[in-house]
S.K.: 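Before I ask anything, let me first share the structure, which is written out below as structure tokens.
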2 protein chains.
Amino acid sequence: MRLLLVEDDRRIAADVERALRAAGYVVETVHNGEEAWFRGDTEDYGAIILDLGLPGMDGLAVLKRWRANGRTVPVLILTARGSWAERVDGIDAGADDYLPKPFRIEELLARLRSIVRRSAGHASSRIVAGDVELDERQMKVTLRGVPVALSPLEYRLVAFLLHHRGRVVSQQELDENVYGHGEDHESNALEVLVGRVRKKLGADLIETRRGFGYLVPDTTP
Amino acid sequence: MRLLLVEDDRRIAADVERALRAAGYVVETVHNGEEAWFRGDTEDYGAIILDLGLPGMDGLAVLKRWRANGRTVPVLILTARGSWAERVDGIDAGADDYLPKPFRIEELLARLRSIVRRSAGHASSRIVAGDVELDERQMKVTLRGVPVALSPLEYRLVAFLLHHRGRVVSQQELDENVYGHGEDHESNALEVLVGRVRKKLGADLIETRRGFGYLVPDTTP
DNA sequence: TGATCCACGTCAGCAATTTGTCAGGTTGAT
DNA sequence: ATCAACCTGACAAATTGCTGACGTGGATCA
């Protein structure tokens, strides 16, 4: 999953970015409001982590402009501790959650999982599709209850597909969210990756929609 | 909107209940875990406000049982416990949001609005015409309930025609929207394509309006 | 430092599908 | 009847995706 991190404090930004990458996300970081607005408005992220205290355009203003433009991406805002008025403003401006500074990185990750799964319409942080179960908190994937070891790229692929189960996901979209770069389809690396995942998790988990992309059927009644 | 409030402290419960009613909600209040679980499992609420510190069955256990039973109702957790680890637990157990005590009633209302807003709108876009049904999310087309495999061009043709069902669509328009190029009609590729779709989905789905274009009759009551 | 393993990209070959073209055949309006 | 519009079956070319094999670079450990 691809995230946008908006944080002007370089030190905090670096720390958070490292933790997010370790948790398996593809992360892009910007340090000011204008850049944040542009990226959030033109690119497609799984979620955005937005610091309110920004130089230049204020974080709240950025968020409002995104929402005004119809962007529904989940947004987690970082706020100074204590001011409930600011929190209420943030939530009513369209934030999906807030986290007061300073925070534990574990809580950031949990809240991130929360808003991401909420935006996908899930209620639990475990996702089941056919014989396969994904536990995001433990970064664990099981096949008929048996744990399966996946490489980082394989895990990201599975996680993204399960989050978007029930709909066709294009190769371009997978490129962006698994690798981070959205371009150069001069290679079949993605197809090879899909093949490797199929070998581990069974051939019927991921269906091919020739000419369109891939689909993990939704098995939720 | 109908809410369930789960809070064992009668005094807090009464205050919150009054505020919620003032904000226009219909509120039902219960004071222990068992009752909460039963109500939440059998009734249909717009959202549930759940205190974690309950006598009897713990709030977290209640929440987990709801989620295990497939209840996706938005849940807002209240707790006095401040440790980040327990907050992480609550969120990962499937809570949609979390509010630490003590809280301002304004913030409760804002978060409530937020989770309710989020839970709305996850319907998959479907179009029905005669015996044919189009599910755009899954890019799936079914004929009398039986899935039919369509090629990319065939799918685009069907999708466009169903989107504009009830009116005649010219060949030029189809050329532009299926192929992209609105080129000269020097080939009969489009006619061949229509023929292939008819073979798969039945001859009566697409009517020919000789000299004008094609028509999918609107069968919406 | 060197041996080893693993993740992952690349490549070539293959099989299946897709799709444009074309050569008649039908249909319907006038 | 005539003619343009449209349909159909067949075929070949192009596209797409899968697979096994191989190579490279980084991490780990003796």
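Proteins get letters first, then strands, A, B, ... in listed order; numbering begins at 1 in each.
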S.K.: Quick one about A:Thr29 and A:Arg10 (side-chain donor to acceptor, distance below 3.5 Å, no hydrogens or angles considered), yes or no?
M.R.: no
S.K.: Could you check how far CD1 of A:Ile206 sits from P of D:dT19, rounded to whole Å?
M.R.: 11 Å
S.K.: At less than 4.0 Å, is any side-chain N or O atom of A:Gln171 found next to OP1 or OP2 of D:dG17? Yes or no.
M.R.: yes
S.K.: Do A:Asn32 and A:Glu35 have side-chain atoms, one donor and one acceptor, less than 3.5 Å apart?
M.R.: no
S.K.: Considering only C:dA7, C:dT19, D:dC7, which nucleotide approaches the side chain of A:Ser151 most closely?
M.R.: C:dA7
S.K.: Tell me the interatomic distance from B:Leu153, atom CG, to D:dA14, atom P, rounded to whole angstroms.
M.R.: 17 Å
S.K.: Checking only heavy atoms, does the side chain of A:Arg196 share a donor-acceptor pair with the base of C:dG9 at less than 3.5 Å?
M.R.: yes
S.K.: Nearest to the side chain of B:Arg210 - C:dG20, C:dG28, D:dA21?
M.R.: C:dG28
S.K.: How close or far is atom C1' of D:dT16 from atom CG of A:Leu190, stated in whole angstroms?
M.R.: 13 Å
S.K.: Out of D:dC7, D:dG17, C:dG20, which has the shortest distance to the side chain of A:Glu191?
M.R.: D:dG17
S.K.: Shortest non-hydrogen contact from A:Glu43 to A:Arg2?
M.R.: OE1-NH2, 2.7 Å
S.K.: Under 4.0 Å, heavy atoms only, any strand: does B:Tyr214 hit a base, just the sugar-phosphate, or nothing?
M.R.: sugar-phosphate
S.K.: How long is the line joining NZ of B:Lys200 and P of C:dT17, in whole Å?
M.R.: 10 Å
S.K.: At under 4.0 Å between heavy atoms, what does B:Arg198 touch on the DNA or RNA strands: base, sugar-phosphate, or nothing?
M.R.: sugar-phosphate
S.K.: Can you tell me how far P of D:dC7 sits from CG of B:Asp204, to the nearest Å?
M.R.: 14 Å
S.K.: Which nucleotide in the list C:dA7, C:dG20, C:dA23 gets nearest to the side chain of A:Pro152?
M.R.: C:dA7
S.K.: Does a side chain donor of either A:Thr208 or A:Arg198 reach within less than 3.5 Å of an acceptor in the other side chain?
M.R.: yes
S.K.: Can you tell me if the side-chain N/O atoms of A:Ser187 get under 4.0 Å from OP1 or OP2 in C:dT10?
M.R.: yes
S.K.: Does B:Tyr179 put a side-chain nitrogen or oxygen below 4.0 Å from OP1 or OP2 of C:dT19?
M.R.: no
S.K.: When the distance from CG of B:Asn188 to C1' of C:dG20 is rounded to whole Å, what number comes out?
M.R.: 9 Å
S.K.: What verdict does the salt bridge (charged side-chain N to carboxylate O under 4.0 Å, His left out) test give for A:Arg156 and A:Glu154, after you've listed the backbone C-alpha separation in whole Å, the side-chain angles of each residue and the deciding distance to 0.1 Å?
M.R.: CA-CA 5 Å; A:Arg156 276 192 233 165; A:Glu154 290 164 357; over 6 Å; no
S.K.: May I ask you to evaluate whether A:Lys199 reaches the phosphate of D:dT19, defined as a side-chain N or O under 4.0 Å from OP1 or OP2?
M.R.: no
S.K.: Within this structure, what is the CZ-to-P distance between A:Phe212 and D:dG17, rounded to whole angstrom?
M.R.: 11 Å
S.K.: In this structure, how many angstroms lie between the P atom of C:dA7 and the OH atom of A:Tyr155, rounded?
M.R.: 16 Å
S.K.: Does D:dA5 have its OP1 or OP2 closer than 4.0 Å to a side-chain nitrogen or oxygen of B:Thr208?
M.R.: no
S.K.: Scan A:Leu193 against the nucleic acid and name what it touches under 4.0 Å (heavy atoms): base, sugar-phosphate only, or nothing.
M.R.: nothing
S.K.: Does B:Arg71 count as lying over the ring of B:Trp66, i.e. NZ or CZ under 6.0 Å from the six-ring centre, within 45 degrees of the axis?
M.R.: no
S.K.: In terms of side-chain heavy atoms of A:Val192, which of D:dT19, D:dC22, D:dC11 is nearest?
M.R.: D:dT19
